[in-house]
Amino acid sequence: QVQLVESGGGLVQAGGSLRLSCTTSSSIASFKVLAWYRQAPGKQRELVARLTAGGSSDYLDSVKGRFAISRDNVKNLYLQMRSLKPEDTGVYYCAAGLGSISVWGQGTQVTVSS
């Protein structure tokens with residue numbers, strides 16, 4: 001059973017930065033799609049950023065220019081977050097799959113204070 005483990009969340013002031021990491025229990029190259037989702041209190045989970053095996057990426061409109069998704073060639077996926085806003089607060093989940101998402105991490109809390 002493949003596992004994903006997130007880290008790097010925390011409390012930060014508006015305008016600050018955080019870098020989230022996600023470590024997989026198998027080779028990251030085995031996944032065709034890697035992504036970060038988030039869920040704010042009382043809201044549905046939403047896709048924040050996605051990275052395909054071909055190297056293309058796309059982002060939620062509200063984070064474009066502020067967030068960057070990347071990976072290494074071993075077992076790690078990252079989400080660099082800059083110029084954070086209170087509305088970025090939520091639980092951030094790492095996700096992966098061969099075509100559609102099939103594996104989820106347990107989530108890491110990001111709280112942005114105003």
Side-chain angles (χ1 to χ4, degrees):
Q1 180 77 18
V2 176
Q3 292 185 322
L4 306 176
V5 179
E6 302 96 335
S7 61
L11 174 64
V12 63
Q13 288 189 331
S17 299
L18 282 175
R19 188 194 195 205
L20 304 184
S21 298
C22 171
T23 300
T24 69
S25 59
S26 66
S27 171
I28 202 167
S30 63
F31 300 109
K32 300 297 184 185
V33 178
L34 298 160
W36 288 95
Y37 286 74
R38 72 184 180 191
Q39 187 166 20
K43 295 187 177 181
Q44 289 189 329
R45 190 173 298 189
E46 62 182 354
L47 175 65
V48 175
R50 178 171 53 200
L51 182 65
T52 67
S56 63
S57 59
D58 51 29
Y59 296 89
L60 182 68
D61 283 347
S62 63
V63 308
K64 285 180 180 177
R66 300 188 297 120
F67 290 14
I69 187 171
S70 64
R71 50 162 280 187
D72 63 20
N73 291 323
V74 185
K75 292 187 175 184
N76 300 292
L77 177 70
Y78 304 102
L79 185 68
Q80 179 67 53
M81 306 186 293
R82 295 186 172 89
S83 301
L84 283 160
K85 304 176 181 180
E87 52 264 43
D88 294 319
T89 293
V91 179
Y92 283 69
Y93 298 89
C94 174
L98 295 178
S100 58
I101 295 297
S102 59
V103 184
W104 294 88
Q106 83 288 351
T108 185
Q109 176 70 45
V110 171
T111 303
V112 184
S113 62
S114 57

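Heavy atoms only: backbone and side chains are in, while hydrogens, waters and symmetry mates are out.
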### Message
Taking the six-membered ring for Trp, are F67 and W36 closer than 6.0 Å centroid to centroid?
### Response
no
Taking the side chain as everything from C-beta on, heavy atoms only, tell me whether [X] gets closer than 4.5 Å to [Y].
X: Q44; Y: Q39; answer: no
X: Y59; Y: I69; answer: yes
X: L4; Y: Y93; answer: no
X: Q13; Y: L84; answer: no
X: V48; Y: Y37; answer: no
X: S17; Y: Q80; answer: yes
X: V33; Y: L98; answer: no
X: E46; Y: R38; answer: yes

### Query
Same cluster for V2 and L51 if Ile/Leu/Val/Met/Phe/Trp/Tyr side chains link at under 4.5 Å?
yes
### Message
Would you say L79 ends up clustered with V91 if hydrophobic residues are merged whenever their side chains have heavy atoms under 4.5 Å apart, either directly or through other cluster members?
### Response
no
What are the two closest heavy atoms between [X] and [Y], and how far apart are they?
X: G9; Y: L20; answer: N-CD2, 3.6 Å
X: G97; Y: S102; answer: CA-OG, 3.7 Å
X: L18; Y: G8; answer: CD2-O, 3.8 Å
X: S83; Y: R66; answer: O-NH1, 2.9 Å

### Query
For K75, does its backbone N or O pair with a side-chain atom of D72 as donor and acceptor, under 3.5 Å?
yes
### Message
Determine whether a donor-acceptor pair (N or O, by modelled atom type, separation under 3.5 Å) exists between the side chain of S25 and the backbone of Q3.
### Response
yes
### Message
Given the ring of Y78, does R19 sit roughly above its face, with NZ or CZ under 6.0 Å from the centre of the six-membered ring and within 45° of the axis?
### Response
yes
#### Entry: From OG1 (T23) to CG (L77), nearest 0.5 Å
9.5 Å
#### Entry: L34 and I28: CA distance, side-chain angles, deciding distance, side chain to side chain contact (heavy atoms under 4.5 Å, CB included) verdict
CA-CA 9 Å; L34 298 160; I28 202 167; 3.7 Å; yes
### Query
Is the closest side-chain donor-acceptor distance between S21 and N76 under 3.5 Å?
no
### Message
Side chains of T89 and E87 only: does a donor on one sit below 3.5 Å from an acceptor on the other?
### Response
no
### Message
More than 12 heavy atoms of other residues, nucleotides or ligands under 6.0 Å from CZ of R50: yes or no?
### Response
no
### Member of V63, V110, V12 meeting the side chain to side chain contact (heavy atoms under 4.5 Å, CB included) criterion with M81
V110
### Query
Charged N to carboxylate O below 4.0 Å: is that the case for K85 and D88?
no
